[in-house]
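Only one structure is covered here, and it is reproduced in the block below.
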Amino acid sequence: MKRSFCIVLSIVLGLSVLGCFARRIYAGDDSTVCIKDISALQTISGTGTNSYNDSSSGTSDSEDLFAGYVDQVFASYSSKADEPSRGSIHSDLDGPVNNAIYNALKTQIEKVAAGEITSTEFSIDSASVGIDSSVYYTAADLGVSSLFDQNGYLSEETETALQKKAGFSLGQIFTALLNNCPYDLYWFDKTYGYYYGMYGYTGDRSSVFFRNTMSFGFYAAEEYKAGDDYFTVDSSTGQAVQHAAAKAASIVAANKDLPDYDKLVAYKDAICDLTSYNHTAVDENWDYGNPWQLIWVFDEVESTKVVCEGYSKAFQYLCQLSSFSSSMIESRIVSGWMSGGTGGGGHMWNVVSMDDGRNYLVDITNCDSGTIGNPDLLFLKGAIGSVTGGYTINCYGTDIWFDYDDDTLDLYSTSVLTLSGTDYEPPQVENIVPTYSATVTMNENFNLNLYVKDLPAQFASAFTVKWTFDGKNYEKNLGELSPQTGGQYPGSFKVTLATVFSYEMTKPFVIQVYRQGTEAPIKEINYSVQTYFVNQYNKTSDALFKQIYGAALDYGASAQLYFNGQTNPTTGQPYDSDAGNLANKTTNPSFTINATKPTNKASKSGSITGMGDSMTATLIFGSETSIKIYFGYSKDINGLTITADNGKIVTAPELGSDGRYSVKIEGIRSFELYKDFTFTFKAGTETRTVTYSAYAYAANKWNNSNADLARLVKALVAYGELARQKWQ
């Protein structure tokens with residue numbers, strides 16, 4: 001049985017090398033105790049159909065026993081909805097079939113870890129993972145000299161060729177599961193490994209094929225198996241496991257607000273504080289089990305200690321549970337050999353991809369107290385060497401050599417395993433140079449937004465945006481915001497600067513960005529809604545958007561003409577003429593109003609005692625369009641309920657100086673201007689309705705003697721009709 005050694009390079013006793021034995025096997029290895037190919041021990045009669053004949057003559061007792069494994073069918077289970085997701089597709093596996101088998105096995109493995117099932121024998125429908133079991137292969141098809149070895153079993157050469165034909169590699173899948181499921185495989189004894197059955201052959205042994213069902217059995221470690229059954233996990237061990245998982249989660253939660261680099265440092269320190277190297281497991285050559293797993297790292301029991309595999313799995317698991325500001329950060333478990341000082345042996349460590357696009361070595365085992373790398377000489381380190389020739393890192397004048405094994409080289413690409421030539425340097429806030437974009441939200445209101453881009457989330461609190469608008473000063477620390485998860489600029493920080501009235505498009509925003517510790521702004525931007533619309537109009541290739549931008553500018557110019565100097569309280573504050581007249585700006589694109597007079601659908605019906613006929617409706621122009629209803633009511637207003645259709649909310653009644661009440665529907669979007677909105681008033685059994693729309697208002701004012709108002713409603717309709725074409 002092959003053995004893999006985990007080593008600790010100590011800085012005491014002349015860098016003595018302490019060996020720890022971790023027996024590792026892989027399917028298809030002649031030196032292992034894993035069953036190589038159960039299905040090959042069955043004879044399949046007939047050449048035209050893929051049918052099984054378990055009673056065929058010529059099978060031995062041992063073959064019947066093996067066939068029993070192959071023919072087991074296991075029930076499927078649903079995943080727990082609240083289980084943490086640590087990814088499905090494994091980015092280091094080649095091809096869809098590889099990933100499909102990996103995901104199917106990983107799903108079942110996670111259910112065992114979660115206590116949902118206890119059996120560690122799984123089956124996979126071949127068709128569900130993209131394998132065609134109706135295809136038969138001869139030796140010539142597979143490019144092999146013979147389908148079977150000298151003992152009559154399917155040869156390794158044949159297995160390799162079959163897997164290549166189907167587009168998967170069990171070796172890759174198995175290594176990926178070991179490396180990517182550090183918690184979920186806590187119960188697995190990889191020294192015994194797993195069995196699998198997936199092949200069949202015809203009665204005349206002239207061809208082979210994939211079975212309809214692929215069968216796998218993963219051996220449970222001594223600490224976790226139920227009695228003498230190696231393929232059933234004892235559910236009573238769950239409490240200690242759950243405690244360990246909860247402890248790991250608490251470490252992640254306690255450090256969630258730290259910058260990415262500090263978060264990784266905190267994980268290293270937490271692991272080294274929680275555990276120590278298990279010399280006893282090494283010296284006494286313990287069987288594979290908890291010292292090689294992460295449970296004994298997080299169980300908070302002082303006497304439980306681990307070897308290098310436990311250290312690297314613990315770090316991997318904490319990284320998998322984490323959300324990093326940079327999507328580039330990813331940890332991978334690797335294995336191979338380490339030497340330096342007085343000796344060496346098999347070892348396991350991590351390679352971490354960082355936000356600078358480079359990969360670094362992380363050896364938590366040899367960052368612990370009493371080791372040559374303590375506290376961080378082997379943490380996020382660059383190295384000299386190559387993927388195939390190994391890498392060297394110098395610690396206290398001693399060269400430490402790390403070399404990947406074949407399983408690691410088979411699973412990961414060269415780009416993933418290539419280490420940086422220099423150590424990782426955490427980004428400094430003074431070196432962060434954000435970029436900026438401004439947009440206007442125009443389908444609901446005119447909101448001017450600033451997007452701060454290229455800013456790592458861990459540095460957000462070091463940046464503050466300050467702006468001046470309409471004579472008032474505002475500021476927002478970016479640490480109060482979360483990065484955008486979607487939209488136009490994912491990962492950026494969006495600051496909504498102000499809601500701008502249609503007639504305020506030319507009002508300037510003075511925007512300044514400050515970095516912590518600087519007195520002068522690192523960026524100053526002068527902007528306006530008009531600037532945005534003009535820029536977009538000039539560069540867009542979308543004909544409809546070009547019309548919308550032009551209509552929006554025309555709507556703003558018309559509103560500016562109409563509201564200049566007005567004091568009607570329903571229209572907001574009068575336009576500040578000192579900011580410039582949008583209607584007369586020569587920089588605006590030429591846009592001709594093109595709108596058809598809408599139909600007036602205003603109506604009211606029903607009656608309520610105490611509510612007279614002096615009910616009127618009007619339109620309020622602003623950053624967003626609102627419908628306002630004025631009405632008289634002589635009874636207790638609390639006995640009156642008012643609702644609206646189309647999902648709109650009615651504001652609470654307000655009593656005006658003229659003795660009438662008013663209510664509003666706010667936030668009528670540009671593409672909803674044509675809609676009829678109905679207010680429903682109820683008092684006991686009495687009901688009254690009022691139906692009104694922006695277009696009803698426009699229809700009444702279309703040919704108004706006030707030319708500026710007539711122009712405004714025509715511009716409003718043109719903008720609304722174009723918006724409806726684009727967004728509805």
Side-chain angles (χ1 to χ4, degrees), residues 25-28 32-42 52 65-80 83 85-90 93 96-131 133 159 162-163 166-200 210-221 224-226 229-235 237-238 241:
I25 65 156
Y26 297 89
T32 73
V33 296
C34 108
I35 299 169
K36 287 180 51 187
D37 179 29
I38 300 169
S39 63
L41 299 175
Q42 293 189 84
Y52 299 99
L65 176 62
F66 290 146
Y69 282 125
V70 176
D71 291 335
Q72 290 186 33
V73 178
F74 304 99
S76 60
Y77 299 81
S78 299
S79 299
K80 288 173 65 176
E83 278 296 300
S85 173
R86 292 182 292 281
S88 54
I89 298 298
H90 194 279
L93 286 173
V97 178
N98 244 353
N99 277 289
I101 298 173
Y102 166 85
N103 289 334
L105 290 173
K106 183 171 182 285
T107 297
Q108 296 302 311
I109 287 168
E110 289 173 344
K111 289 175 181 176
V112 175
E116 295 181 33
I117 58 177
T118 57
S119 174
T120 63
E121 293 179 296
F122 316 127
S123 65
I124 301 173
D125 179 73
S126 297
S128 70
V129 293
I131 294 177
S133 57
E159 283 194 52
L162 279 167
Q163 292 181 25
F168 71 94
S169 165
L170 277 186
Q172 274 196 354
I173 292 168
F174 184 53
T175 305
L177 288 169
L178 286 174
N179 293 355
N180 207 44
C181 302
Y183 167 73
D184 300 296
L185 282 172
Y186 67 81
W187 49 268
F188 176 52
D189 187 342
K190 71 178 184 181
T191 64
Y192 280 91
Y194 67 101
Y195 74 71
Y196 60 92
M198 61 182 68
Y199 312 114
F210 286 97
R211 294 171 55 94
N212 294 326
T213 300
M214 306 168 69
S215 301
F216 295 85
F218 285 71
Y219 284 81
Y224 298 105
K225 69 185 181 70
D229 187 350
Y230 280 97
F231 299 104
T232 302
V233 170
D234 184 354
S235 59
T237 62
V241 172

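Every value quoted in this text rests on a predicted model; they were computed, and no experiment measured them.
Residues G167 and V97 share a closest heavy-atom pair of O-CB, 3.6 Å. Taking every heavy atom of both residues into account, M214 and S126 meet most closely at CG-OG, 3.3 Å. Closest non-hydrogen pair, L93 versus I173, comes out as CD2-N, 4.1 Å. Across all non-hydrogen atoms, the minimal contact from N212 to S133 is OD1-OG, 2.6 Å. Here the closest heavy-atom approach between residue V112 and residue S119 is recorded as CG2-O, 3.5 Å. When every heavy atom of D125 is checked against every heavy atom of S128, the shortest pair comes out as O-OG, 2.5 Å.
Side-chain N or O atoms of N180 include none that pairs as donor or acceptor with a backbone N or O of A176 at under 3.5 Å.
To the nearest 0.5 Å, atom OH of residue Y199 and atom CG of residue L162 are 5.5 Å apart. Here I109 contributes atom CD1 and F122 contributes atom CZ; the two are 5.5 Å apart, rounded to the nearest 0.5 Å. The CG atom of L185 sits 10.0 Å away from atom NZ of K106, with the distance rounded to the nearest 0.5 Å. Between the CD atom of Q108 and the CD atom of E121 there is a distance of 12.0 Å, given to the nearest 0.5 Å.
In this structure, the side-chain hydrogen bond (donor to acceptor under 3.5 Å, both in side chains) partners of Q172, at least two apart in sequence or on a different chain, are D94, N98. With sequence neighbours excluded, the residues forming a side-chain hydrogen bond (donor to acceptor under 3.5 Å, both in side chains) with D229 are T232, listed by chain and number. For the side chain to side chain contact (heavy atoms under 4.5 Å, CB included) test, residues two or more places apart in sequence or in another chain that qualify with A166 are I131, F168, F210. Evaluation of the ring pair (Phe, Tyr, Trp, His ring centres under 6.0 Å) rule for Y224 yields Y186 as partners, not counting sequence neighbours. Every residue two or more places apart in sequence or in another chain that forms a side chain to side chain contact (heavy atoms under 4.5 Å, CB included) with S235 is listed here: T118.
Here the rule is ring pair (Phe, Tyr, Trp, His ring centres under 6.0 Å) with F188, and of Y183, Y194, F218 only F218 fits it. Results of the ring pair (Phe, Tyr, Trp, His ring centres under 6.0 Å) test with Y195 over Y219, F231, Y230 single out F231 as the only residue that passes.
Side chains of F216 and L170 form a contact here, defined as non-hydrogen atoms less than 4.5 Å apart. Inter-residue side-chain proximity for V129 and Y102 is flagged as unmet; no heavy-atom pair is nearer than 4.5 Å.
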